[in-house]
Amino acid sequence: MKRWRVVGTGAVVAGLFAAGFCLFGIPDAARPLDRICWWAIIMAGPVYVTGSGLNLFCGLMAAGWIGLLMAAAHPVRPGPWTSAVSIAGLTLWFGTGWLTTVIYIWIT
């Protein structure tokens, strides 16, 4: 379980930040169900962009999927450097979901 401490903590922190963004960062006209959907999109990272077929964001998709591989560094080989790599990977993963949300809200 110690191997997953960095990734688990990072995912919980990202979930809290995503919830804060969905509560306070999305326009007031959004319904509660919309806010829950946006939270799920942020937590899914590049999965939504990949599945939706939006080819405009291919660089964003690649960064998110690379982030998933980077996030697995610490559980595979625990250490201070792999902790930093895992945190950077989680940032890419959840950052991709957040940017997808921001871009989609901006476009629509």
Side-chain angles (χ1 to χ4, degrees):
M1 292 308 288
K2 288 183 180 182
R3 292 177 176 255
W4 292 97
R5 187 175 296 166
V6 171
V7 176
T9 304
V12 168
V13 169
L16 292 174
F17 278 126
F21 174 75
C22 289
L23 288 175
F24 305 113
I26 293 179
D28 294 333
R31 298 174 300 170
L33 184 61
D34 292 337
R35 294 177 190 274
I36 293 170
C37 289
W38 290 123
W39 180 82
I41 289 170
I42 292 172
M43 296 305 290
V47 174
Y48 179 77
V49 177
T50 304
S52 66
L54 297 173
N55 295 330
L56 299 172
F57 309 120
C58 59
L60 188 63
M61 286 188 307
W65 290 112
I66 289 170
L68 180 64
L69 296 173
M70 290 171 61
H74 186 73
V76 170
R77 187 175 185 139
W81 289 104
T82 56
S83 296
V85 170
S86 289
I87 291 169
L90 289 172
T91 302
L92 286 173
W93 177 267
F94 294 117
T96 300
W98 179 77
L99 281 172
T100 302
T101 303
V102 169
I103 291 169
Y104 188 77
I105 290 173
W106 184 50
I107 289 174
T108 59

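Position 1 is the first residue of the sequence, and the numbers go up from there. This structure is a prediction, so every number in the text was calculated from the model and none was measured.
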Asks: State, to 0.1 Å, how close G45 and T96 come at their nearest heavy-atom pair, and which atoms those are.
Replies: C-CG2, 4.1 Å
Asks: Who clusters with L92? Use side-chain heavy atoms, under 4.5 angstrom, across I, L, V, M, F, W and Y, and order the result by chain and number.
Replies: I66, M70, V85
Asks: Is there a chain of hydrophobic side chains (I, L, V, M, F, W, Y, each step under 4.5 Å between heavy atoms) that links I87 to F94?
Replies: no
Asks: With ring-ring contact (aromatic ring centres under 6.0 Å, His included) as the rule and sequence neighbours excluded, what pairs involving residues 60-79 come up?
Replies: W65-W93
Asks: With rounding to the nearest 0.5 angstrom, report the CG to CG distance, L90 to L68.
Replies: 9.0 Å
Asks: Quick check: closest heavy atoms across R77 and R3, and the distance to 0.1 Å?
Replies: N-NH1, 4.4 Å
Asks: Transitive ILVMFWY cluster of L69 at side-chain heavy atoms under 4.5 Å: who else is in it?
Replies: none
Asks: Please report the interatomic distance CD1(I36) to CD1(I41), rounded to the nearest 0.5 Å.
Replies: 12.5 Å
Asks: For the OG1 atom of T100 and the CE atom of M61, what is their distance to the nearest 0.5 Å?
Replies: 9.5 Å
Asks: Compare every heavy atom of P75 with every heavy atom of S86, then report the nearest pair and how far apart it is.
Replies: OG-CD, 4.2 Å
Asks: Name all residues meeting the ring-ring contact (aromatic ring centres under 6.0 Å, His included) criterion together with W39; count only those two or more places apart in sequence or in a different chain, and write none if there are none.
Replies: none
Asks: Using atom types as modelled, flag every donor-acceptor pair under 3.5 Å from a side chain in residues 4-30 to any protein atom, sequence neighbours excluded.
Replies:
unit_1 : atom_1 : unit_2 : atom_2 : d
T9     : OG1    : R5     : O      : 2.7

Asks: Mind checking whether Y104 and W38 have parallel, tilted or perpendicular rings, split at 30° and 60°?
Replies: tilted
